[in-house]
Amino acid sequence: MIRKFMFPEETPAPILSRVEALRELKELGINPYPAVNIEKSGDIAQIKENFEKWEGKRVILAGRITARRIMGKTTFMDLMDESGKMQLYINRDVLCPTEDKFLYNRFVKKLLDIGDFISVEGEAFRTKTGEPSVKVEKIILLAKALRPVPLGKEKEGQKFSALRDPELRYRQRYLDLLVNKEVRELFKTRTRIINAIRQYLDSHGYLEVETPILHTVYGGAHARPFVTHLNALDLTLYLRIADELHLKRLLIGGYEGVYEFSRDFRNEGIDRTHNPEFTMLELYVAYKDYYWMADFTEAMIRNVAQQALGTTQVTYGEHTIDFGKQWHRIRFLEALKEETGKDVRNLSDSQLLELAEKVGVENPEKLPGRFKIIEKIFGKIVEPQLLQPTFVFDFPIEMSPLAKRHREDPTLTERFEVIVAGFELCNAYTELNDPYDQRQRFEWQRKAKAEGDEEAMPYDEDFIVAMEYGMPPMAGLGVGIDRLVMLLTNQHAIQEVILFPLMRPKPVEEYAPSIPYHLLEEPTDAKDAK
RNA sequence: GCCCCGGUAGCUCAGUUGGCAGAGCAGCGGACUCUUAAUCCGUGGGUCGCAGGUUCGAAUCCUGCCCGGGGCACCA
């Protein structure tokens with residue numbers, strides 16, 4: 001896996017040869033890192049797409065050398081830009097029409113390496129085998145690569161060597177992107193998904209806003225926060241765990257629909273569905289309830305899948321998930337009753353513990369409160385069965401301190417979650433706007449915290465005050481963007497859909513040998529002296 | 001925190017019952033003017049994750065540790 005490079009003098013040969021080439025380039029007076037402004041003829045993929053139009057014309061391209069096939073007086077290279085690869089045909093006598101063949105013999109054949117950035121100019125043509133190519137007449141080094149880029153050779157999609165190790169892929173994501181085209185595509189899809197959501201919300205008249213990341217009081221979710229400190233005010237601050245309470249304040253302020261793509265931070269474990277920082281979409285719309293929000297959510301996700309992927313059907317692992325069909329709708333307690341045959345609210349504490357044990361909840365007696373146990377039971381026996389998009393409505397009130405009481409049952413809240421492929425994708429409420437009720441819920445949270453629930457929400461006085469000025473009835477929605485991207489791209493680790501997932505820090509010399517720059521400073525006659 | 005799997009050349013990996021540490025690609029030298037995993041000839045390259053132990057002898061067996069991956073738990 002990761003090797004140690006403790007001995008700088010034992011520089012791997014591929015690096016030594018590149019440093020040596022760099023030294024020679026400098027001696028020759030060739031700037032290996034020139035400042036340039038290149039007028040590219042276009043993207044390689046586009047040029048190749050209508051190659052008939054380009055054939056016989058001069059083109060200028062820039063990119064990285066990804067392959068090299070030296071055949072004596074002719075060399076083929078593959079040049080890669082963001083869009084694709086183009087073959088370069090470098091003929092000695094085309095590149096060097098005069099007697100001086102140095103540029104070809106030394107520069108092209110010896111001093112250029114795979115990974116170097118170059119630009120070329122020449123005629124677009126097809127080789128005998130029909131491969132779109134450029135007959136190179138001019139070639140400029142744009143940037144020398146000192147480390148071998150692990151570009152695997154490839155034939156018909158089959159890779160012969162490449163960057164596969166997940167640790168190195170995440171740690172050196174730039175290499176992952178460079179080497180693995182599908183990873184580059186994946187993050188484009190992520191952006192398309194986010195853009196599609198933004199477009200959908202904008203077109204419905206909702207306002208994108210930015211609220212603070214540094215909070216003096218954190219809230220809006222059950223989670224432990226990251227704690228930091230502001231020197232200027234000698235103040236403890238928290239990185240936000242949600243932006244809910246600020247967005248609601250904005251509706252108090254008169255906006256009727258706001259949303260934010262919120263980078264949230266939760267001080268919790270790291271695994272394939274949890275990164276310490278992640279992206280959440282939150283949306284709040286005045287004068288609406290959670291039934292309306294359910295319809296809106298369903299329509300939005302369906303539209304986003306269609307926009308970003310061109311289909312509403314996605315493959316996730318072994319399942320085909322269809323966002324296009326009408327989503328299932330169930331109720332939390334009814335679903336539990338169907339599975340267990342019991343109304344969990346009527347169970348005694350000991351009966352509830354017994355049930356929890358039976359379905360595989362470990363150490364339920366250690367959980368802070370009945371509702372946590374009920375939640376676990378639900379997670380064990382109901383959630384894993386929900387593969388197709390499913391709304392779960394009406395959660396017990398203890399689980400939802402910011403949601404409005406159910407209009408028909410005061411022990412429930414008007415809340416739904418969307419479960420897809422067995423995990424939670426969305427969470428939404430008819431938002432609580434009764435300041436007296438909200439005050440009481442915060443009190444319960446305060447009590448829960450005192451009893452050891454580390455994730456209980458802190459009492460936010462200012463939020464209550466704001467609500468006391470009058471908060472419009474509203475519906476709110478939260479969507480885990482990373483999870484949505486996972487679902488839509490068939491990825492099973494959150495690290496795959498976050499460009500730079502958090503990694504345990506590691507000294508670079510443990511995964512990358514140091515470059516022997518001293519060789520560049522050596523006087524040119526040093527070798528002769530020896 | 002627990003369980004399973006892994007760590008061998010720059011990259012991807014093989015390594016038999018414990019018996020001289022290997023291949024392909026990349027590198028270096030050479031040949032080659034339509035190749036595309038170019039080909040051919042030659043060649044350098046290793047703290048086998050770390051530390052102990054068993055053994056005449058350990059990449060291989062044992063113990064501990066580090067790192068990673070997967071699973072469980074934790075995480076609405």
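Each chain gets a letter, A, B and so on, in the order the sequences are listed, and its residues count up from 1.
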May I ask you to evaluate whether A:Thr74 reaches the phosphate of B:U35, defined as a side-chain N or O under 4.0 Å from OP1 or OP2?
no
Categorize A:Thr127 for me: base, sugar-phosphate, or nothing, with a 4.0 angstrom heavy-atom threshold over every strand shown.
base
Answer yes or no for A:Arg173 and A:Phe500: cation-pi contact, defined as NZ/CZ to six-membered ring centre under 6.0 Å and angle to ring axis within 45°.
no
Quick one: label A:Ile15 by what it contacts on the DNA or RNA (base, sugar-phosphate, nothing), any heavy atom closer than 4.0 Å.
nothing
Phosphate contact (B:U35 OP1 or OP2) by A:Arg126 side-chain N/O below 4.0 Å
no
Where do N or O atoms of nucleotides 71-74 of chain B meet protein N or O atoms at under 3.5 Å, pair by pair?
| unit_1 | atom_1 | unit_2 | atom_2 | d |
| --- | --- | --- | --- | --- |
| B:G71 | OP1 | A:Arg272 | NE | 3.4 |
| B:A73 | OP1 | A:Lys380 | NZ | 2.2 |
| B:C74 | N4 | A:Asp271 | OD2 | 3.1 |

B:U33 phosphate, OP1 or OP2, under 4.0 Å from A:Lys73 side-chain N/O:
yes
So, does A:Arg69 get its side chain near the phosphate of B:U35, meaning an N or O under 4.0 Å from OP1 or OP2?
no
For B:G30, does OP1 or OP2 lie under 4.0 Å from any side-chain N or O of A:Lys110?
yes
When the ring planes of A:Phe423 and A:Tyr316 are compared, do they come out parallel, tilted or perpendicular, using 30° and 60° as the limits?
perpendicular
Looking for any heavy atom pair under 4.0 Å, which part of the strands does A:Tyr429 touch: base, sugar-phosphate only, or nothing?
base
So is A:Arg415 actually on top of A:Tyr429's ring, under 6.0 Å and inside 45° of the axis?
no
Students often get this wrong, so: under 4.0 angstrom with heavy atoms, is A:Asp93 touching a base, only sugar-phosphate, or nothing?
base
Touch check for A:Arg415, heavy atoms < 4.0 angstrom, all strands: base, sugar-phosphate only, or nothing?
base
Which nucleotide in B:U36, B:G27, B:C32 has an atom nearest any side-chain atom of A:Ile70
B:C32
Answer yes or no: is there an ion pair linking A:Arg263 with A:Glu277, defined by an N-O contact shorter than 4.0 Å?
yes
Of the listed nucleotides B:U36, B:C34, B:G10, the one nearest the side chain of A:Pro12:
B:G10
From B:U36, B:A38, B:G44, pick the nucleotide closest to the side chain of A:Glu131?
B:U36
When we call it a touch if two heavy atoms are under 4.0 Å apart, what does A:Tyr89 touch: a base, just sugar-phosphate, or nothing?
base
